[in-house]
Amino acid sequence: MSRAPNRFAMFGRIWRGISTLSTARIFSTMSSEKNSSGPRVGHLDIEQQVQEYRALIVTDKRPPVFGSVWHEIVVIIILTLGMALPPANQGSMQIAVPEIGESFGISGGNLSWTISAFTLTSGAFVLLMATFADNIGRKRMLLISYVWFSIWCLASAFVKNHIVFDIIRGLQGLSGAVSPPAAVGIIGATYIPGRRKNKAMATIAAGAPLGFVVGITSGGICTQFLSWRSILYFSAIEYTFLATLGWFLIPNDPAMNWIAVREKLALIDYLGALLSTSGLVLLVFALTESSVTGDGWRSPYVIALFVAGIIVMGIFVFWESKAKYPLMPLYIWRYPGVALCMIIIFCGFMNFLGVVSYYMVLFFQRVRGISAILTTAYLIPQALSGILVNVLVAYTLHIVPGRIFMVIAMTAFLVSALLWALQPLSLTYWAMAFPAICLSVVGADLSFNVANMHILSAVPVELQSSASGILNTVKQIAVSVGLAASSTIVKTAADKSPDEGTRKLYDSYRAAFWFAVGISGLGLVFSLFLKVGTKGAKREDNTNDTTQNTENAENTEKNVASSTQ
């Protein structure tokens with residue numbers, strides 16, 4: 001028995017050696033003795049190089065934690081797929097919604113839980129999971145989220161009851177609460193501001209809208225040629241592989257012992273997590289149930305749940321202002337432009353993923369009778385548009401003010417929603433659907449890039465994952481609220497429609513699109529007041545910070561000081 005600890009220690013040393021050796025063999029040998037950022041990274045001077053890199057204010061050099069450009073690229077891809085996890089899952093399930101409804105014998109508001117169970121859990125737990133990432137390690141939490149997602153995807157593929165399926169979908173959503181803030185936090189803490197960081201951030205941000213399109217594409221292929229359950233099998237395989245790859249390649253978190261872990265976990269705001277989760281679940285559940293029950297908002301329990309949700313959320317905000325270690329530090333909202341960015345993103349993604357993306361799939365399949373695979377083909381231009389937009393942002397965000405991009409984004413959302421709302425029952429795809437699909441992803445990519453870059457630039461390094469968590473909470477809750485509210489609108493419009501069959505569906509879906517027009521119009525109005533300049537512009541002397549960064553640093557010191565008093 002006394003030899004057991006030594007055996008485990010020996011196994012640990014062997015495993016670490018293999019990990020280090022494999023990484024070095026794969027990537028370090030691909031780079032030459034000299035590269036664009038200086039000498040090849042060695043084990044002995046890595047800490048010194050990291051310190052020198054951190055001392056820079058603006059730079060385009062590669063972070064020393066990456067042994068080569070190839071190492072950097074592969075890690076960014078792994079992290080981008082972490083950002084893509086929630087929207088890709090939503091897209092793949094959304095294209096299969098009609099088949100899922102037939103499989104379980106459900107429709108209407110009950111069917112919307114197939115999507116909203118995941119998004120609700122993701123949004124409700126993002127703040128808590130982002131805090132875990134900041135405190136116990138972003139890489140650790142990211143890999144845990146990949147494994148967790150794979151396990152529950154595999155489990156849900158065998159479920160025959162829709163209630164159990166929705167519960168497991170909610171458990172899958174916990175991974176969606178972890179992966180985006182952890183992935184963004186790794187990038188934010190690894191890179192120094194500059195055009196290289198802009199490109200990395202643009203790639204990460206592309207994971208959200210492009211992940212949705214890729215999810216729809218893969219989901220359409222699986223649904224058409226295999227079954228909707230095969231989507232879950234492939235998702236489990238994909239993220240198991242990514243977790244394995246990330247174990248070897250993603251830069252390690254700072255070393256921690258269990259005593260330090262316990263101390264950090266003890267500081268987490270668990271009451272705040274309980275209040276925020278309970279409040280959000282009550283609100284979204286009430287909104288969704290209003291479209292399921294026959295009496296709608298006249299049902300006493302629906303009104304009671306909605307009011308209770310508002311009260312609990314109010315208590316949460318009050319508690320966060322008094323908590324010693326708040327789950328959502330309220331001073332984050334006081335940084336210039338942060339609150340306005342959050343509001344604009346809420347409006348934009350309620351439009352994009354909460355209404356338009358959901359009902360355009362149903363419009364194609366149920367109103368126009370198009371197959372899942374043809375619907376997938378119709379959505380391919382969305383992916384191509386998203387790629388072009390992200391390339392544009394990566395190379396121009398240091399030149400074009402973020403305010404201009406945000407106004408363009410919200411205008412694209414508005415025009416896209418208008419095209420869907422005004423679209424006749426029978427019309428060629430190229431006339432209105434095609435430009436509407438392209439414009440929607442233009443709005444999503446531009447707005448999320450600007451908001452993500454600005455918010456992470458505004459907060460200190462130790463709050464990178466928390467700030468990203470708040471942004472992703474806003475985005476996920478916008479999707480859940482959009483799905484719930486639009487379901488109620490569709491049900492009301494369907495009840496009032498004098499027609500039957502396809503025409504009745506058409507009238508009800510148009511009502512949802514007009515709701516999206518109103519939301520995006522509101523976001524456009526807010527974007528006109530946003531003051532966000534360029535990001536990552538390199539000064540000629542490269543020694544002084546911009547006025548904005550100086551102001552942000554001063555605000556950080558004041559806010560941190562006030563929060564600790």
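Only heavy atoms go into these numbers, but all of them, side chains included; no hydrogens, no water, no symmetry mates.
- Between the side chains of Gln94 and Ser357, not a single donor N or O lies within less than 3.5 Å of an accepting N or O.
- Ring geometry for Trp420 versus Phe363: interplanar angle over 60°, hence perpendicular rather than tilted (30 to 60°).
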Show, in sequence, the C-alpha distance, side-chain angles and deciding distance for Thr217 and Leu379, and conclude whether the side-chain contact (heavy atoms from CB on, under 4.5 Å) test is met.
CA-CA 8 Å; Thr217 303; Leu379 296 175; 5.8 Å; no
Under the side-chain contact (heavy atoms from CB on, under 4.5 Å) criterion, do Thr114 and Asp166 qualify, and how do the steps go?
CA-CA 6 Å; Thr114 303; Asp166 290 341; 4.2 Å; yes
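- When side chains are defined from C-beta on, Tyr359 counts as touching Ser487, because their heavy atoms get closer than 4.5 Å.
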Quick one: do Ile310 and Leu283 satisfy side-chain contact (heavy atoms from CB on, under 4.5 Å)? Show the steps, please.
CA-CA 7 Å; Ile310 293 176; Leu283 284 173; 3.7 Å; yes
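- Contacts of Ser150 classified as side-chain hydrogen bond (donor to acceptor under 3.5 Å, both in side chains), with partners at least two apart in sequence or in another chain: Thr240.
- In this structure, the ring pair (Phe, Tyr, Trp, His ring centres under 6.0 Å) partners of Trp228, at least two apart in sequence or on a different chain, are Phe104, Phe165.
- Within a 6.0 Å sphere centred on OH of Tyr270, heavy atoms belonging to other residues, nucleotides or ligands number more than 12.
- Asp269 meets the side-chain hydrogen bond (donor to acceptor under 3.5 Å, both in side chains) test with Trp319; sequence neighbours excluded.
- Closest heavy-atom contact between Arg229 and Ala157: NH1-O, 3.0 Å.
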Tell me, with the steps shown, if Met350 and Phe515 meet side-chain contact (heavy atoms from CB on, under 4.5 Å).
CA-CA 10 Å; Met350 181 185 288; Phe515 172 65; 3.9 Å; yes
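- By the 4.5 Å heavy-atom criterion applied to side chains, Cys222 and Tyr233 are not counted as neighbours.
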